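Remarks on the structure that follows.
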Amino acid sequence: MEQPIPLENTQFMMRLPCMTNRAADLNLEDVESISVLKGGAATALYGVRGANGVIMIKTKKGVGGKTIFNVSMTTSFDEVNKFPETQKKYTQGYLGNYDPNSFWPTWGPSVEDAQAIDPSHPDTLFNNFENAYGNGNSTNMHFSASGGGEKASFYTSFSRLQQDGVVPFTDYKRTGAKISGDVKISEKIKIFGSLDYINSGGNRTDARLFNTRLVYWAPRVDVNNFEFTEGALAGTMRGYRNDGARGNNPIYGNKTNKFVDNVNRFIGNIGFNYSPIKGMDINYRFGMDYFNDSRTATAPAPTGIEGENIFEDNRLGYIEETRINSQDLTSNLMISYSTDLNEDLNLTVRAGLDVFQRQYDRVSTRGEELEVWDFLHLSNAANITTSQFYSKTRVVGLYGELGLSYKDYLFLTITNRNDWASTLPKENQSFNYPSVSLGYLFSENFDLPDWISYGKFRGSWAQIGKDPQIAYLTSDVYGANANFFPVGEVTGWTRPSNKADLNLTSELTTEIEFGTELKFFENRLGLDLTWYKSNAVDQIVRVPISYTAGYDAFTTNAGEIENTGVEIILNAKPVKTDNFSWDVNVNFSTNKNRVVSIKEGIESIFLGSDFGYAGSSASQILYANYAYGNILGTSYRRYYENPADEDPLVLDRDRPLLIGDDGFPIIDRSQKILGNSIPDWMMNIGNRINYKNFSLAFNFDIRQGFEKFNSLNNFLAAFGAADYTANREETVVFEGFTADGSPNNREVYLGQGIGPDSVNYGAGFYRNVYRAATENSVEDASWVRLQNLSLTYNMPSKILEKIHIANASITLTGTNLWLSTDFRGFDPEVSVGQGNSDGFAGRGANPGLRSYSMSLRLTF
């Protein structure tokens with residue numbers, strides 16, 4: 001066993017929800033293998049950082065012998081794989097009246113009626129979602145060299161990625177260099193080390209604002225016509241109304257308003273391995289993960305040109321400079337010893353000391369009201385404000401492992417770890433968690449039929465502790481960041497928004513797991529079946545509290561969550577000949593969860609929300625005895641003969657609607673559970689077919705039985721752009737019952753203004769009623785997709801020998817080539833944000849991509 005060096009993979013947003021997860025700094029060409037450790041017994045020794053599972057990334061190393069050179073180049077092309085459906089019948093205006101100067105993009109008359117009034121109106125409306133998102137492309141080049149001798153080996157690489165995004169004026173670049181090696185000092189001592197340098201960054205955009213502005217933009221005008229090209233206004237923004245003098249263009253905003261980041265990251269480790277006696281190894285590693293993230297957000301001031309259309313966010317121009325320094329230090333000493341106690345029994349013991357320290361420092365300075373409109377420098381700003389945040393945390397852990405194996409068919413492993421975390425109060429800083437696992441390889445113990453190749457039973461019980469991931473939650477301190485200060489020379493001090501918990505303790509997850517692994521027909525067919533149950537208690541959660549307490553949240557140990565699930569892995573090789581083989585891998589999993597309890601005095605736990613018009617915002621909230629992942633919001637009221645039969649918290653979509661006296665469904669403003677963001681089950685089906693020098697691989701990804709809130713649908717309905725709003729001139733009878741229990745039979749007009757029945761329907765059904773019900777935008781997000789398809793050709797060695805190339809291959813790859821889903825927004829795989837609330841996939845989500853790539857790999 002080798003203790004890894006943890007890597008920073010968080011995503012510091014800072015105003016703009018589009019930043020790169022730091023895991024993207026790694027180049028997959030430098031990776032030898034990736035494995036996922038699941039279950040408490042597998043991750044318990046890795047401490048608090050392994051509480052939610054461990055992804056082990058093993059990078060390439062040099063091997064002794066001839067120096068080997070590898071060159072690879074990949075070129076890819078990207079396009080959005082799914083757009084929201086929009087109507088193409090109605091154009092700009094309101095209440096059915098055509099008005100090219102109206103704010104309202106599609107509540108006017110039909111295109112034909114508008115052309116009769118305005119001959120310059122285009123024959124068809126522009127699909128500005130498809131027009132605004134273009135085609136992206138990227139190029140990734142990688143070079144590596146490795147080799148060595150009996151005493152030493154090395155690996156070095158250089159890579160360069162350059163990408164243009166599907167959103168106009170966005171890009172991303174990454175340059176990386178790596179060197180690693182090891183030296184054998186003697187038969188007992190080996191030293192090793194590695195160093196990675198990565199520079200990355202680019203021009204970003206805020207997907208939420210970009211998509212919102214596309215909803216507002218009238219499809220009468222092509223959104224790509226975003227600036228004036230002639231006359232005094234040349235180079236300034238062209239809007240969609242008043243002959244371009246009004247209206248906010250999202251593409252123009254991307255051109256002029258920049259958010260650029262530049263990250264320099266160093267990942268290094270050094271260590272040694274000492275084997276003083278037979279069976280004993282002493283291993284020490286010291287690792288560092290440091291990055292500096294420089295971010296600059298700018299917007300020009302008005303040029304002063306008469307009639308200029310000012311981008312809405314700019315006001316008088318601004319510049320914001322942010323500097324983030326993050327440093328993780330890891331020190332790990334591990335001693336292991338293995339010996340045969342007798343000819344049947346083997347003993348392995350391990351003990352270690354692990355120290356992890358994280359230091360984070362952020363300084364942000366914002367300048368507003370630029371004197372010179374396009375001089376984007378802090379010295380050009382009239383008003384300057386500065387903020388700073390600093391934190392430092394440390395976890396020290398002692399761990400041990402005892403392993404016994406009997407006749408290579410019975411295996412017992414016992415582990416224990418104790419951590420001391422600086423993010424907890426002194427009296428609670430120490431927490432301990434053990435594990436025990438047992439494996440029985442019965443195929444080595446019994447004579448089984450020839451068609452059974454391998455058989456194993458396993459079981460485990462484990463506990464995993466976890467400390468708060470945020471510092472300074474255990475004491476109330478004042479900071480010099482009060483609003484509207486300083487006043488003159490007086491600095492304003494204020495308390496933080498979060499109330500400290502002086503008795504905060506660590507989380508503790510207890511898990512039991514049982515499984516079996518079977519292989520048949522000389523390993524041509526394999527089955528791995530796992531059942532697990534885990535209970536996480538004392539979960540550390542930020543809970544909203546009344547403002548009358550002087551705070552807006554309280555971070556505390558708030559409850560217990562239980563997860564129970566099954567995972568089935570099926571491997572098969574249906575065909576195998578000298579020139580042809582076919583491998584199939586099927587991974588199926590299902591998980592049921594429940595909030596067992598919530599801390600006394602706390603009714604519910606708020607996780608997050610996403611905005612919807614007319615009070616239809618969706619929220620994810622935890623309630624005791626209900627599932628994790630529930631999505632709540634407003635709904636249409638349902639009819640009950642006995643109102644006491646109605647569940648006050650859960651919407652029964654199968655019940656008939658309650659129709660009001662006006663003939664429309666009645667909005668229930670109470671918050672009800674409308675869906676759940678956790679799939680009922682997931683399955684991945686992977687295939688690999690090899691024929692001579694060709695290899696074809698493809699896999700299908702399936703997720704079924706879950707919902708997400710599509711705020712984009714809510715906005716498209718509100719502005720008359722959704723495809724289903726094209727029925728606005730229809731007269732309908734909503735199926736349901738009136739309050740007295742009679743079937744509804746009143747006809748109503750779906751459109752705006754005066755209907756055929758001479759009744760004034762005002763803003764119409766979609767603005768008055770539809771958009772106010774969250775349930776209309778909590779949609780089934782289930783999908784089936786062809787996730788990946790690749791074809792590789794390995795060139796024959798006889799040809800390559802003549803040109804002194806050891807190996808050469810060409811690979812054609814397609815990603816997300818086909819998607820089947822009822823979700824009406826972008827690809828539902830992409831969520832709005834990160835964290836505990838994953839039920840939102842609307843305006844704030846970047847669209848999913850369909851990608852085509854070609855890779856060439858050469859080995860010399």
Side-chain angles (χ1 to χ4, degrees), residues 592-595 598 603-604 612-678 680 705-710 713-714 717 724-725 727-728 730-751 755-757 759-782 822 824 839:
K592 300 295 182 184
N593 64 72
R594 180 174 65 96
V595 180
I598 294 179
E603 180 181 346
S604 61
Y613 273 118
S616 64
S617 296
S619 302
Q620 289 200 271
I621 303 174
L622 302 184
Y623 291 92
N625 296 314
Y626 288 86
Y628 183 96
N630 282 332
I631 304 171
L632 291 89
T634 60
S635 59
Y636 292 144
R637 289 188 63 184
R638 264 49 178 190
Y639 173 76
Y640 289 84
E641 293 181 1
N642 180 10
D645 294 339
E646 182 177 7
D647 190 315
L649 189 58
V650 181
L651 175 68
D652 185 352
R653 289 179 180 262
D654 294 331
R655 298 287 304 184
L657 299 180
L658 180 63
I659 308 300
D661 294 338
D662 59 359
F664 289 101
I666 298 174
I667 300 298
D668 185 345
R669 294 292 178 182
S670 65
Q671 297 292 294
K672 288 185 177 291
I673 296 173
L674 309 174
N676 189 283
S677 62
I678 308 298
D680 290 339
F706 70 109
E707 293 78 30
K708 287 193 174 183
F709 174 63
N710 180 9
N713 175 71
N714 177 272
Y724 49 81
T725 65
N727 70 348
R728 64 188 66 174
E730 295 181 8
T731 298
V732 303
V733 176
F734 283 97
E735 186 176 346
F737 292 89
T738 59
D740 62 5
S742 303
N744 177 56
N745 57 12
R746 177 167 179 173
E747 289 188 344
V748 291
Y749 180 58
L750 297 180
D757 54 2
V759 174
N760 188 344
Y761 287 89
F765 166 69
Y766 290 104
R767 287 192 58 80
N768 290 338
V769 182
Y770 183 93
R771 66 169 179 161
T774 313
E775 73 164 287
N776 289 320
S777 299
V778 175
E779 304 174 11
D780 182 8
S782 303
D822 292 333
R824 290 181 293 203

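Computed from a prediction, not measured in an experiment: that's the story for all the values here. Numbers for residues simply follow the sequence, beginning at 1.
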Atom CG of Asn760: over 12 foreign heavy atoms under 6.0 Å: yes

Side chain Glu707, main chain Asn676, donor-acceptor under 3.5 Å: yes

Contact check, side chains of Phe737 and Ser742, non-hydrogen atoms, under 4.5 Å: no

Residues which pass side chain to side chain contact (heavy atoms under 4.5 Å, CB included) with Leu658, listed by chain and number, not counting sequence neighbours: Arg637, Tyr639, Ile666

Check: Gln620 side chain, Gly839 main-chain N or O, donor-acceptor pair, under 3.5 Å: yes

Considering all heavy atoms, the nearest Gln671-Gly633 contact: OE1-CA, 3.3 Å

Under 3.5 Å: donor-acceptor pair, side chain of Thr634, backbone of Thr774: yes

Distance, nearest 0.5 Å, that separates OG of Ser604 from OH of Tyr623: 4.5 Å

Partner set under side chain to side chain contact (heavy atoms under 4.5 Å, CB included) for Glu747, not counting sequence neighbours: Thr731, Val733

Non-hydrogen side-chain atoms of Tyr636 and Phe734 separated by less than 4.5 Å: no

Straight-line distance of Asn776 CG to Leu674 CG, nearest 0.5 Å: 10.0 Å

Derivation and outcome, side chain to side chain contact (heavy atoms under 4.5 Å, CB included), residues Val732 and Val748: CA-CA 6 Å; Val732 303; Val748 291; 4.2 Å; yes

Under the side-chain hydrogen bond (donor to acceptor under 3.5 Å, both in side chains) test, residues paired with Arg728 that sit two or more places apart: Thr725

Heavy-atom closest contact (Arg771 atom, Ala614 atom, distance): NE-CB, 4.0 Å

Residue pair Ile667 / Ala773: nearest heavy atoms and the distance that separates them: CD1-CB, 3.9 Å

Residues which pass side-chain hydrogen bond (donor to acceptor under 3.5 Å, both in side chains) with Ser616, listed by chain and number, not counting sequence neighbours: Asn714

Partner residues of Val650 under the side chain to side chain contact (heavy atoms under 4.5 Å, CB included) criterion, sequence neighbours left out: Tyr626, Asp647, Ile673

Rounded distance [0.5 Å steps], CZ in Arg746 versus OG1 in Thr738: 11.5 Å

Residues forming a side-chain hydrogen bond (donor to acceptor under 3.5 Å, both in side chains) with Asp780, sequence neighbours excluded: Ser782

Residue list, side-chain hydrogen bond (donor to acceptor under 3.5 Å, both in side chains) with Asp680, at least two apart or on another chain: none

Main-chain N/O of Arg824 paired with Glu779 side-chain donor or acceptor, under 3.5 Å: yes

Distance in Å, Ser619 OG paired with Asn630 CG, rounded so as to fall on 0.5 Å steps: 12.0 Å

Residues Glu603, Ile598; criterion side chain to side chain contact (heavy atoms under 4.5 Å, CB included); working and verdict: CA-CA 7 Å; Glu603 180 181 346; Ile598 294 179; over 6 Å; no

Heavy-atom donor-acceptor pair, Asn768 side chain to Tyr761 backbone, under 3.5 Å: yes

Nearest atoms (heavy-atom pairs only) where Asp668 meets Ser670: OD1-OG, 2.6 Å

Any residue meeting side chain to side chain contact (heavy atoms under 4.5 Å, CB included) with Asp645, in chain and number order, not counting sequence neighbours: Tyr640, Asn642

With Tyr766 via ring-ring contact (aromatic ring centres under 6.0 Å, His included) - residues at least two apart: Tyr724, Tyr770

Considering all heavy atoms, the nearest Ser677-Phe706 contact: O-CD1, 3.6 Å

Residues which pass salt bridge (Lys or Arg N to Asp or Glu O under 4.0 Å) with Glu775, listed by chain and number, not counting sequence neighbours: Arg638, Arg653

